[in-house]
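Just below is one structure, and these are the notes that go with it.
Owing to the predicted nature of the structure, the values given are computational and were not obtained by experimental measurement. We name chains A, B, ... by the order of the sequence lines, and we start the count at 1 in each one.
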Number of protein chains: 2
Amino acid sequence: MNRPTKQDPDRGDARTRLLESARDVIRTQGFAATSVDQLCQAAGVTKGAFFHHFASKEALGVAAAQFWAETTSELFANASYHDHAEPLDRVLAYIDFRRDLIAGELEEFTCLIGTMTQEAYAKYPAIREACAISMFGHTSTLEPDIQAAMEASGISGSWTAASLARHMQAVLQGAFILAKAGNDSSLAIESVDHLRRYVELLFKNRPKGGQND
Amino acid sequence: MNRPTKQDPDRGDARTRLLESARDVIRTQGFAATSVDQLCQAAGVTKGAFFHHFASKEALGVAAAQFWAETTSELFANASYHDHAEPLDRVLAYIDFRRDLIAGELEEFTCLIGTMTQEAYAKYPAIREACAISMFGHTSTLEPDIQAAMEASGISGSWTAASLARHMQAVLQGAFILAKAGNDSSLAIESVDHLRRYVELLFKNRPKGGQND
DNA sequence: TTGTTAATACCAACCGGTCGGTATGCGTGT
DNA sequence: ACACGCATACCGACCGGTTGGTATTAACAA
């Protein structure tokens with residue numbers, strides 16, 4: 001149980017454990033259905049510690065979204081889908097990577113951001129904002145590869161690299177919802193497969209150097 | 001304020017108003033964040049009336065999902081996208097219809113089922129089940145047109161009509177989440193446009209009578 | 001090295017208020 | 001007469017948040 005130092009001011013042990021617990025519990029139960037007491041029990045800390053680190057339950061939601069953004073961006077930055085020479089291959093490898101992540105229990109692969117967004121967008125604007133930053137921050141990392149693939153294929157259609165990146169995110173989010181509704185992870189994989197086919201079709205049947213749409 | 005009669009046993013005035021209020025309030029705030037008192041106030045009834053019609057808050061969630069399924073299936077059954085000779089045109093017209101529904105405020109076009117599924121899938125199995133019936137009940141209505149379009153185009157790929165119908169639903173659900181995160185309905189429209197392009201590409205560049213994938 | 005001060009991390013008990021749910025009474029249509 | 005639809009009043013449990021306080025550490029002076 002190491003304490004933070006002046007060189008590392010924030011980031012106490014209790015704080016991290018609370019954020020990890022928040023990620024796991026909120027992902028399964030949702031934000032509103034999760035009580036502060038439940039979070040404290042899961043993290044093994046007291047309520048006093050909770051409100052020492054977070055001004056409110058909403059503030060924890062914001063911090064959890066940021067924590068999610070940090071940890072997942074690290075995961076994607078270190079992933080091997082970047083190791084392809086062709087930009088289109090990197091995009092397709094990203095989709096394969098996301099597909100492979102869909103394994104095991106629902107609580108382990110679904111997205112905290114998507115779950116919180118639905119509950120928070122009207123009631124907790126600060127959480128919605130943090131979710132937006134996390135979500136669109138991630139999609140923006142996909143844009144360079146998509147853009148390069150478009151240029152390599154001579155595509156200049158009515159859609160942009162940014163919009164395709166966001167659409168890929170939308171498919172994943174929707175896939176998670178269907179998996180939850182049907183309680184079957186293969187429903188999510190199914191949609192990711194359709195997404196991969198879409199990207200393949202987009203870049204395969206291009207008119208050389210012309211308008212695509 | 002007409003009361004229900006013995007000839008018209010269910011569907012009392014208070015019950016319907018509660019279900020309509022549940023649809024509107026839960027869609028914006030989520031299920032867990034919505035209190036029974038709030039529902040009663042929105043419907044203009046007392047708590048006694050609430051628990052007269054619904055055994056519990058969870059039972060209201062189930063009834064709200066069924067109510068949603070009834071009203072939306074009526075909307076889709078009467079829509080004009082069925083009035084096309086070619087099955088592929090009916091599928092594309094369905095997508096256009098869904099696209100046109102995305103207008104106005106978020107609370108008016110987003111999906112109650114998708115919202116409730118995220119919160120209920122682990123904590124309220126009965127609600128999850130009701131959401132699954134509503135969601136996949138709707139996607140199954142799309143299958144005949146997709147199947148007919150596949151046969152008309154001689155497509156027999158690695159995907160099925162049912163899976164494409166579910167993928168269309170996934171895109172819509174994900175599009176709603178992105179719209180909520182970015183607080184911008186055009187983010188949803190953008191994804192629906194990608195979905196339309198996918199369906200067009202699927203059926204346009206077919207090998208005549210051969211394997212498509 | 002040691003004593004002092006200040007800041008931080010954390011705890012246990014508790015607060016007013018709200019939660020989902022219940023018990024019961026009462027007016028109305030049949 | 002009486003079943004039904006709903007209102008009023010109320011309950012114990014739990015909610016998010018606050019309180020006063022303690023243990024640990026860093027910073028600095030002697």
(request) Please report, rounded to the nearest Å, how far the C1' atom of D:dA23 is from the CG atom of A:Asp13. (result) 16 Å
(request) Check whether the ring centres of A:His138 and A:Tyr94 lie less than 6.0 Å apart, and answer yes or no. (result) yes
(request) In plain terms, say whether B:Glu86 and B:Arg90 are close enough for a salt bridge, that is, a side-chain N and a carboxylate O under 4.0 Å apart. (result) no
(request) Provide, to the nearest angstrom, the distance between the CG atom belonging to A:Leu18 and the P atom belonging to D:dG16. (result) 13 Å
(request) Starting from P on C:dT8, measure out to CZ on A:Arg15 and report it in whole angstrom. (result) 15 Å
(request) Rounded to the nearest angstrom, tell me the gap between atom CD in B:Gln38 and atom P in C:dT18. (result) 12 Å
Review item, side-chain donor-acceptor pairs of residues 128-135 of chain B, under 3.5 Å, at least two apart:
| residue | atom | partner | partner atom | Å |
| --- | --- | --- | --- | --- |
| B:Arg128 | NH1 | A:Ala181 | O | 2.5 |

(message) It should be established whether A:His52 places a side-chain nitrogen or oxygen under 4.0 Å from OP1 or OP2 of nucleotide C:dA9.
(response) yes
(request) Could you tell me the separation between the CD atom of A:Gln41 and the P atom of D:dG16, rounded to a whole number of Å? (result) 13 Å
(message) Can a side-chain donor-acceptor contact be found between B:Arg197 and A:Ser158 if the only test is distance below 3.5 angstrom?
(response) yes
(message) Check the phosphate of C:dC10 against A:His53, side-chain N and O only, distance under 4.0 Å to OP1 or OP2. Yes or no?
(response) yes
Which pairs, protein N/O on one side and nucleotides 20-22 of chain C N/O on the other, fall under 3.5 Å?
| residue | atom | partner | partner atom | Å |
| --- | --- | --- | --- | --- |
| C:dG20 | OP1 | B:Lys57 | NZ | 3.2 |
| C:dG20 | OP2 | B:Val36 | N | 2.9 |
| C:dG20 | N7 | B:Lys47 | NZ | 3.0 |
| C:dG20 | O6 | B:Lys47 | NZ | 3.3 |
| C:dG21 | OP2 | B:Lys57 | N | 2.9 |
| C:dG21 | O6 | B:Lys47 | NZ | 2.8 |

Pairs of donor and acceptor atoms involving the side chains of residues 166-179 of chain B, under 3.5 Å and at least two apart or interchain, shall be tabulated with distances.
| residue | atom | partner | partner atom | Å |
| --- | --- | --- | --- | --- |
| B:Arg166 | NE | A:Glu190 | OE1 | 2.8 |
| B:Arg166 | NH2 | A:Glu190 | OE2 | 2.7 |
| B:His167 | ND1 | A:Ser191 | OG | 3.0 |
| B:Gln169 | OE1 | B:Gln173 | NE2 | 2.9 |

(message) Is it true that B:Glu119 and A:Gln29 share a donor-acceptor pair across their side chains at a distance under 3.5 Å?
(response) no
